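Heads up: the structure comes next, in structure tokens.
First listed ligand is number 1; within each ligand, the first listed atom is number 1. Just so it is clear, the model here is predicted, and its values are computed rather than measured.
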Amino acid sequence: MSKIIASSAIRGAYKVFDRVSKKYEEALQKFGPDKKVELPNTGYYLPVIYGLLGHPVKTLGDMKPVLEKCKSLLPPHVEDKIWVPYLGHTLDAGAATLFLFEIEEALKYLEDPIPYFVAEDCDEDHLWLGAADDIILRKRGVEFVDGTAPGFAAIVGQAPDVETAVKLARQLIDKQLYVFMAGGKFAEQLKQGGMQLGWSTRLVPFGEPVSAHIFSLGFATRAALAFGGIKPGDYKNILLYNKNRVFAFVLALDEVDEERYAAAAGAINYGFPAIAHTNIPQILPTGICTYEHVVSNVPLDEIVDRAVEVRGLKVTVTKIDIPVSYGPAYEGERIKKENMRVELGGPKSFGFEFCQMKDMDEVKDGHFEVIGPDLDEIPEGATVPIAIWVEVAGRKMQEDFEPILERQFHHLLNQAEGVLHIGQRDIIWMRITKKAFDSGFRLKHLGTILHAKLHNDFGNILDKIQVKIYTDPEKVKELLEVARKTYRKREERMAGMTDESVDVFYSCTLCQSFAPTHVCVVTPERPGLCGAYNWLDCRAAYEINPTGPNQPIAKADEIDPLKGQWGTVNQFVYEKSGNAIERFNAYSIMEDPMTSCGCFEAITVVLPMTQGFMVVDRDYNGMTPCGMAFSTLAGQVGGGAQTPGFVGMSRQYVLSKKFLLAEGGLKRLVWMPKALKEFLKEGLEKRAQELGLEDFYNKIADETVATTEEELMEFLQKVNHPVLSMEPLF
Ligand code: SF4
Ligand code: ZN
């Protein structure tokens, strides 16, 4: 805190004190001490004074001790004296200013006519509403409790023009906030801009002078008394309730004079920070407010975002603004070719999704962009590439959380009616129906969905989300490489960790929404079968949401280290699969293998004739030596069942030292699609070397040499594949 602020707030408070004392004396002269003073229809007297001091003001005479209290709160003028690095004086001056404002405003209700329009909403001729009565409090205050309205923005001053004012108001309302107005012409600007004002539209003009903002704080105080069950006079808890429960802040749009500064200091007591457009001294150390107290020099087009961030407001978007229905009911929806307007990514094209953490000032919350043709410009029935690129920022965000957020896209997008999403990372495949298109669904709505849902589900770590959708093939290709580097980096973080080195594994039950008995047990050496969640990711996900789908499983009661079976894991899986799965071997394909949901990157199949394993991934749509293409196989393996001889898994698991260890591991690998083989080349060669398998990479067949088991057998004999000297599996 700087000396300037302390002095200007304190000077402001003195000015208010002099003015109000004078007005009070005049009123006293005119009406006498027994004159009743009250705000319209309320049981809370002058609520700020009643709440914080526990003193009910019923008459003019009752105001006297409050004025004395204010006087005692006013600190000595500190300018030219020793500056204390302590906010206390400023806060006291602020509190005094609030009591004085309340007296000043209450005196107006003695005037005839009352300068305020006692009603819920404004009309053509009346703009200023003054104090809200208890009916409004009950109706509106409850929204602050149940979360339909997270809080309010107290606007001071005015925007440079009507258009900007309307824009700011819209931004605030979009965040479900109430807009309380006093001390400037902002309300008049909104009226000129054609907006309806009043409690019904959440745009509440209290009064022209800044003192009328006492009605904002009066409302907040009454909310604490009424809904927080706090006793009058328990100022500590009233202020705490507001700090923790009511997300409010002051937006100072133009000049901040001493009086406004004193008022802002009052608001800081409630934990409500001030965000100013102009260059006023900042108060940055945190303590009373959730974050900073006064932040200045914020451009108007950023001020709402900044305020929300400074106040620590978690944006929740209750309605997802898209032209189709949305909900879990649509998650399992399949889209046939004849109903589809467009196909994005998938085996006939390419695509990926990616979540990246950015700095706070690099992300504009709610910004969506489509780069490349949108649905209107893509011919019906066509297939185009897609990249879903999501940038997020948050004070609690960490790079480790990126994959967790990214893995949500699948079920979040799938819940839109007429949108199909399969896969993750760089193997995504989407379809959008003609019906959704005809209802107005466009690619930017993918952004709308992700923005709304990620805010709601991950509000504890995220503050800002922006989404870019690319369909321009060149761009998608270029960014795919960037994403792939990160995918690799995420995998490398796991390198070196072993299952033996940890004492907990993590579960993932995210896929139970469509495979109710499926549980992924994620260990350092066996990632989730979608390839998008490794052990570190699950650990991070658990940290973000301790009651979510990723739970720690203590690794104990070892039953078989070679097969990868533990008593505690069995117990966990049994419970989490709804008693459907009794046992689970993490490293076996023949005996109690892990369940497969449907999003596996690849499937491993035992080939009886060769006694080897073939691995086929989602990107390969040709025939395989087991007689089935990937799609047919996937239909047989998925759904949350254990299918001995078949197992869904991530591509990376092939390279794990624990890859189907029970049956002899990598040595049995006999066939893979060429592209997958190349994709894993480096790792395969490294693992082969570790196992002392000579020239192993070239001994793995692919579709160029074999698509039947007979052809495969011939090839294996020709290259003398090590499987030939292994013990038969059955
Ligand atoms: Fe989680 Fe497994 Fe589904 Fe991946 S496949 S999201 S790890 S349950
Ligand atoms: Zn799954």
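- Between E406 and the options R490, R425, Q424, a side chain to side chain donor-acceptor pair (under 3.5 Å) holds for only R490.
- Residue contacts with ligand 1, taken as heavy atom pairs separated by less than 4.0 Å, involve R407 solely via side-chain atoms from C-beta onward.
- The closest side-chain donor-acceptor pair between E491 and N534, if any, does not fall under 3.5 angstrom.
- Atom 3 (Fe) of ligand 1 lies under 2.8 Å from an N, O or S atom belonging to C511.
- Ligand 1 places these atoms under 4.0 Å from at least one heavy atom of C597: 5 (S).
- A salt bridge links D560 to K563: at least one charged side-chain nitrogen sits closer than 4.0 Å to a carboxylate oxygen.
- The distance from ligand 1 to the heavy atoms of L529 drops below 4.0 Å at these ligand atoms: 5 (S).
- Relative orientation of the Y542 and Y506 rings is tilted, given thresholds of 30° and 60° on the angle between their planes.
- The G528 neighbourhood of ligand 1 comprises atoms 7 (S), with distances under 4.0 Å to a heavy atom of that residue.
- Between the side chains of Q571 and E575, at least one donor N or O sits under 3.5 Å from an acceptor N or O.
- Ligand-side atoms of ligand 1 in range of C508: 1 (Fe), 6 (S), 7 (S), 8 (S), range being under 4.0 angstrom from any heavy atom.
- A heavy-atom separation below 4.0 Å is found between H518 and ligand 1.
- Under the 4.0 angstrom criterion for non-hydrogen atoms, A532 is not in contact with ligand 1.
- Residue P549 does not touch ligand 1, judged by heavy-atom distances below 4.0 Å.
- Checking D499 against T523 by side-chain atom types alone, a donor-acceptor pair falls below 3.5 Å.
- A distance below 6.0 Å separates the ring centres of Y620 and W671.
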